[in-house]
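One is the number of the first residue; the rest follow in order along the sequence.
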Amino acid sequence: QVQLVESGGGLVQAGGSLRLSCAASGSIFSINAMGWFRQAPGKQRELVAAITSGGSTNYADSVKGQFTISRDNAKKTVYLQMDSLKPEDTAVYYCNGVLTAVDSVMSSRSYWGQGTQVTVSS
């Protein structure tokens with residue numbers, strides 16, 4: 001059973017920093033890409049940052065230069081370093097992974113974590 005578990009969310013003051021972690025566990029054959037999404041109340045879920053198996057990164061325009069995505073392949077973990085946080089960054093942050101589990105199908109699909117709350121106070 002493949003599972004993604006996020007951690008690192010919390011309450012911080014504007015200008016502060018947080019580092020989110022997402023660890024993939026279970027019988028995994030390969031990971032194509034991992035990323036972070038966020039969703040604020042009443043808003044659409046949006047892509048924040050993503051990283052491919054080759055190390056290429058992609059960021060939403062709103063967080064370029066502010067957030068940094070990275071990964072540790074050995075630990076099957078992706079990170080999101082969030083600096084200079086603003087109240088508008090407040091949202092539930094979700095980890096997503098496109099990966100292939102070791103099963104009878106052996107096809108890639110998307111998996112989601114449960115989400116972690118990030119709240120930035122003024």
*Say whether I51 and F37 are linked into one hydrophobic cluster, either directly or through other cluster members, by side-chain heavy-atom distances under 4.5 angstrom.*
no

*Checking side-chain contact (heavy atoms from CB on, under 4.5 Å) for the pair S53/N32: CA distance, chi angles, key distance, verdict?*
CA-CA 5 Å; S53 60; N32 295 340; 5.5 Å; no

*Contact summary for A91 and A40, nearest pair of heavy atoms*: CB-N, 3.9 Å

*Should the heavy atoms of other residues, nucleotides or ligands under 6.0 Å from CD of Q44 be counted, would the total exceed 12?*
no

*The single option from I69, L4, I31 passing side chain to side chain contact (heavy atoms under 4.5 Å, CB included) against V78*: I69

*4.5 Å side-chain heavy-atom contact, Y79 and T68*: no

*Atom CG in L11, atom OG in S121: separation rounded to 0.5 Å?*
5.0 Å

_Gap between atom CD of Q66 and atom OG of S17 - 0.5 Å precision_ = 9.0 Å

*asked:* Give me the atom names and distance for the closest heavy-atom approach of Y59 to A49.
replied: CD2-CB, 3.6 Å

*asked:* Determine whether K76 and S25 satisfy the following criterion, side-chain contact (heavy atoms from CB on, under 4.5 Å), listing intermediate values before the conclusion.
replied: CA-CA 7 Å; K76 299 179 182 177; S25 63; over 6 Å; no

*Any link between V63 and V12 through a network of hydrophobic side chains (Ile, Leu, Val, Met, Phe, Trp, Tyr) touching at under 4.5 Å?*
yes

*Are R38 and E46 close enough that some pair of their side-chain heavy atoms sits under 4.5 Å apart?*
yes

*Which distance, rounded to the nearest 0.5 Å, do you find between the CE of M106 and the OG of S30?*
7.0 Å

*Just how far is it from atom SG of C22 to atom CH2 of W112, taken to the nearest 0.5 Å?*
10.5 Å

_Point-to-point distance, once rounded to the nearest 0.5 Å, from OH of Y111 to CE of M34_ = 12.0 Å

*Is it possible for you to say whether L99 and L80 belong to one hydrophobic cluster, with membership spreading through side-chain heavy-atom contacts below 4.5 Å?*
yes

*Please report the shortest heavy-atom distance between V98 and S108, naming the atom on each side.*
CG1-CB, 4.4 Å

*Which atom names give the shortest non-hydrogen contact between T77 and K75, and what distance separates them?*
OG1-O, 3.0 Å

*Would you call K86-D89 a salt bridge at under 4.0 Å N-O?*
no

_Option passing side chain to side chain contact (heavy atoms under 4.5 Å, CB included) with V118 (candidates T90, V92, L20)_ = L20

*asked:* Between E6 and Y93, does the side-chain contact (heavy atoms from CB on, under 4.5 Å) criterion hold? Intermediate values first, please.
replied: CA-CA 9 Å; E6 300 115 326; Y93 284 71; over 6 Å; no

*Does the side-chain contact (heavy atoms from CB on, under 4.5 Å) test come out yes or no for W36 and C95, once each step is laid out?*
CA-CA 5 Å; W36 292 93; C95 177; 4.0 Å; yes

_Atom of F67, atom of V48 and distance for their closest heavy-atom approach_ = CD2-CG1, 3.5 Å

